[in-house]
Amino acid sequence: MSFKLNRKFLKTSYHLLDLKLCTIRLNDNSKFPWIILIPKRNKITDITDLNSKDQTLLMKEIVYVSKVMKKLFKTSKLNVEKIGNIVPQLHIHIIARSIKDSSWPLSVWVVKGNNYSKTALKVIVDKLRKALK
């Protein structure tokens, strides 16, 4: 059985690359550097649904991507969140925050997002793909 991505991710994010466990997607919100890790496993809604090997691998991939985000976007604060109330498929948000961003210190969900322009999307996708390889 091949991995199935929730359709909402296809409408609201862009594929960057795949790690061993997770596919990495850029959230279509230009207000924040924001990526989403989605384990390539079917019918998984919580970390506890993963086997212990995948749980360990997920944590390693979260730490790896978090370090890249912190360095790439020169931030001292990351929001790393697993919520899943709207899209139940297990996914982890990694968001680079700044005291100058539009919702600081509140949640990124308190402000309306802006989609990337074609040009800005190409720039950030290339930047992230290069940094994550």
Student: Go through it in stages, so that I can follow the logic: the residues are Lys53 and Leu57, the test is side chain to side chain contact (heavy atoms under 4.5 Å, CB included), and I'd like the CA-CA distance, side-chain angles, deciding distance and then a yes or no.
Tutor: CA-CA 6 Å; Lys53 182 180 174 188; Leu57 187 53; 5.8 Å; no
Student: Would you compute the distance between atom NZ of Lys133 and atom NZ of Lys130 and round it to the nearest 0.5 angstrom?
Tutor: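 Nearest 0.5 Å value for the NZ-NZ distance: 11.0 Å.
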Student: Please assess Phe32 against Ser102 for the test side chain to side chain contact (heavy atoms under 4.5 Å, CB included), listing each intermediate value before the final yes or no.
Tutor: CA-CA 9 Å; Phe32 310 96; Ser102 59; 3.8 Å; yes
Student: Any pair with a residue in residues 81-103 that passes ring pair (Phe, Tyr, Trp, His ring centres under 6.0 Å), sequence neighbours left out, goes on the list, sorted by first then second residue, please.
Tutor: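 Qualifying pairs, neighbours excluded: Phe9-His91, Trp34-His93, His91-His93, His93-Trp109.
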Student: Quick one: side chains of residues 114-124, donor-acceptor pairs under 3.5 Å with protein atoms, not counting sequence neighbours, listed by atom name and distance.
Tutor:
residue : atom : partner : partner atom : Å
Ser117  : OG   : Ala120  : N            : 3.1
Lys122  : NZ   : Asp126  : OD2          : 2.7

Student: To the nearest 0.5 Å, what is the distance between CD on Gln89 and NZ on Lys43?
Tutor: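 NZ of Lys43 is found 12.0 Å from CD of Gln89.
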Student: Quick one: do Phe73 and Val125 end up in the same hydrophobic cluster if we chain Ile, Leu, Val, Met, Phe, Trp and Tyr together by side-chain heavy atoms under 4.5 Å apart?
Tutor: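 They do share one cluster, since a chain of ILVMFWY contacts under 4.5 Å joins Phe73 to Val125.
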Student: Quick one: are Ile35 and Leu128 in side-chain contact, heavy atoms under 4.5 Å?
Tutor: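 Yes. Closest side-chain heavy atoms under 4.5 Å.
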Student: Could you tell me whether the side chain of Thr23 and the main chain of Leu19 form a donor-acceptor pair under 3.5 Å?
Tutor: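 No; zero donor-acceptor contacts below 3.5 Å.
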Student: How would you list all residue pairs meeting salt bridge (Lys or Arg N to Asp or Glu O under 4.0 Å) that involve residues 96-117, not counting sequence neighbours?
Tutor: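 Matches after skipping sequence neighbours: Arg97-Asp101.
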Student: Not counting sequence neighbours, which residues clear side-chain hydrogen bond (donor to acceptor under 3.5 Å, both in side chains) with Asn27? List them please.
Tutor: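 Testing Asn27 for side-chain hydrogen bond (donor to acceptor under 3.5 Å, both in side chains), a comparison that skips the adjacent residues, returns none.
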Student: Linking I/L/V/M/F/W/Y whenever their side-chain heavy atoms sit closer than 4.5 Å, directly or via other members, would Ile44 and Val80 fall into one cluster?
Tutor: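 Same cluster.
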Student: For Ile86, enumerate each residue passing the side-chain contact (heavy atoms from CB on, under 4.5 Å) test, keeping only those at least two apart in sequence or located in another chain.
Tutor: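 With neighbours one apart ignored, the set is Lys8.
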Student: Residues two or more places apart in sequence or in another chain: which of them pass side-chain contact (heavy atoms from CB on, under 4.5 Å) with Asp46?
Tutor: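 Counting only residues at least two positions away or on another chain, Asp46 forms a side-chain contact (heavy atoms from CB on, under 4.5 Å) with Thr48, Asp49, Lys82.
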Student: Looking only at heavy atoms, which two atoms of Ser103 and Val110 are closest? And how far apart?
Tutor: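 Nearest pair, atom of Ser103 first, then Val110: CB-CG2, 3.6 Å.
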Student: What distance do Glu61 atom CD and Ser66 atom OG have between them, rounded to the nearest 0.5 Å?
Tutor: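 If I round to the nearest 0.5 Å, the distance is 11.5 Å.
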Student: Between Leu17 and Tyr64, is there shared hydrophobic-cluster membership here, with clusters defined by ILVMFWY side-chain heavy atoms closer than 4.5 Å?
Tutor: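 Both belong to a single hydrophobic cluster.
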Student: Leu72, Leu16: one ILVMFWY side-chain cluster at the under-4.5 Å cut-off?
Tutor: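 Leu72 and Leu16: one cluster.
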Student: Which residues satisfy the side-chain contact (heavy atoms from CB on, under 4.5 Å) test with Leu10, sequence neighbours excluded?
Tutor: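 Testing Leu10 for side-chain contact (heavy atoms from CB on, under 4.5 Å), a comparison that skips the adjacent residues, returns Leu5, Arg25.
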Student: Do Ile92 and Leu58 have side chains that get closer than 4.5 Å, going by heavy atoms?
Tutor: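 Side chain of Ile92 against side chain of Leu58, heavy atoms only: contact under 4.5 Å found.
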Student: Could you give the distance from CD1 (Ile94) to CD1 (Ile36), rounded to the nearest 0.5 Å?
Tutor: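 So the CD1 of Ile94 and the CD1 of Ile36 are separated by 10.0 Å.
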Student: If the condition is ring pair (Phe, Tyr, Trp, His ring centres under 6.0 Å), which residues does Trp104 pass it with, not counting sequence neighbours?
Tutor: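 Testing Trp104 for ring pair (Phe, Tyr, Trp, His ring centres under 6.0 Å), a comparison that skips the adjacent residues, returns none.
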Student: From the options Arg41, Lys60, Lys40, select the one residue that forms a salt bridge (charged side-chain N to carboxylate O under 4.0 Å, His left out) with Asp54.
Tutor: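 Filter result, single survivor: Arg41.
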Student: What pairs with Thr75 under side-chain contact (heavy atoms from CB on, under 4.5 Å), at least two apart in sequence or on another chain?
Tutor: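 Result, side-chain contact (heavy atoms from CB on, under 4.5 Å) vs Thr75: Lys70, Lys77, Leu78, Ala96.
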Student: Could you go step by step and tell me if Asn51 and Gln55 meet the side chain to side chain contact (heavy atoms under 4.5 Å, CB included) rule?
Tutor: CA-CA 6 Å; Asn51 65 40; Gln55 288 174 7; over 6 Å; no
Student: Treating Asp28 as the side-chain partner and Tyr14 as the backbone partner, does any N or O pair qualify as donor plus acceptor under 3.5 Å?
Tutor: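 No: the side chain of Asp28 does not pair with the backbone of Tyr14.
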Student: Less than 4.5 Å apart, any side-chain heavy atom of Leu90 and any of Thr45?
Tutor: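 In short, these two side chains do not touch, never coming nearer than 4.5 Å.
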Student: Decide whether Ile47 and Leu37 are clustered together by the hydrophobic rule: side chain heavy atoms of Ile, Leu, Val, Met, Phe, Trp, Tyr closer than 4.5 Å, transitively.
Tutor: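 Yes; tracing contacts between hydrophobic side chains, which count when under 4.5 Å, links both residues.
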Student: Above 12 or not: heavy atoms from other molecules or residues under 6.0 Å from CD1 of Ile83?
Tutor: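 Yes, because the 6.0 Å sphere around CD1 of Ile83 holds more than 12 heavy atoms from other groups.
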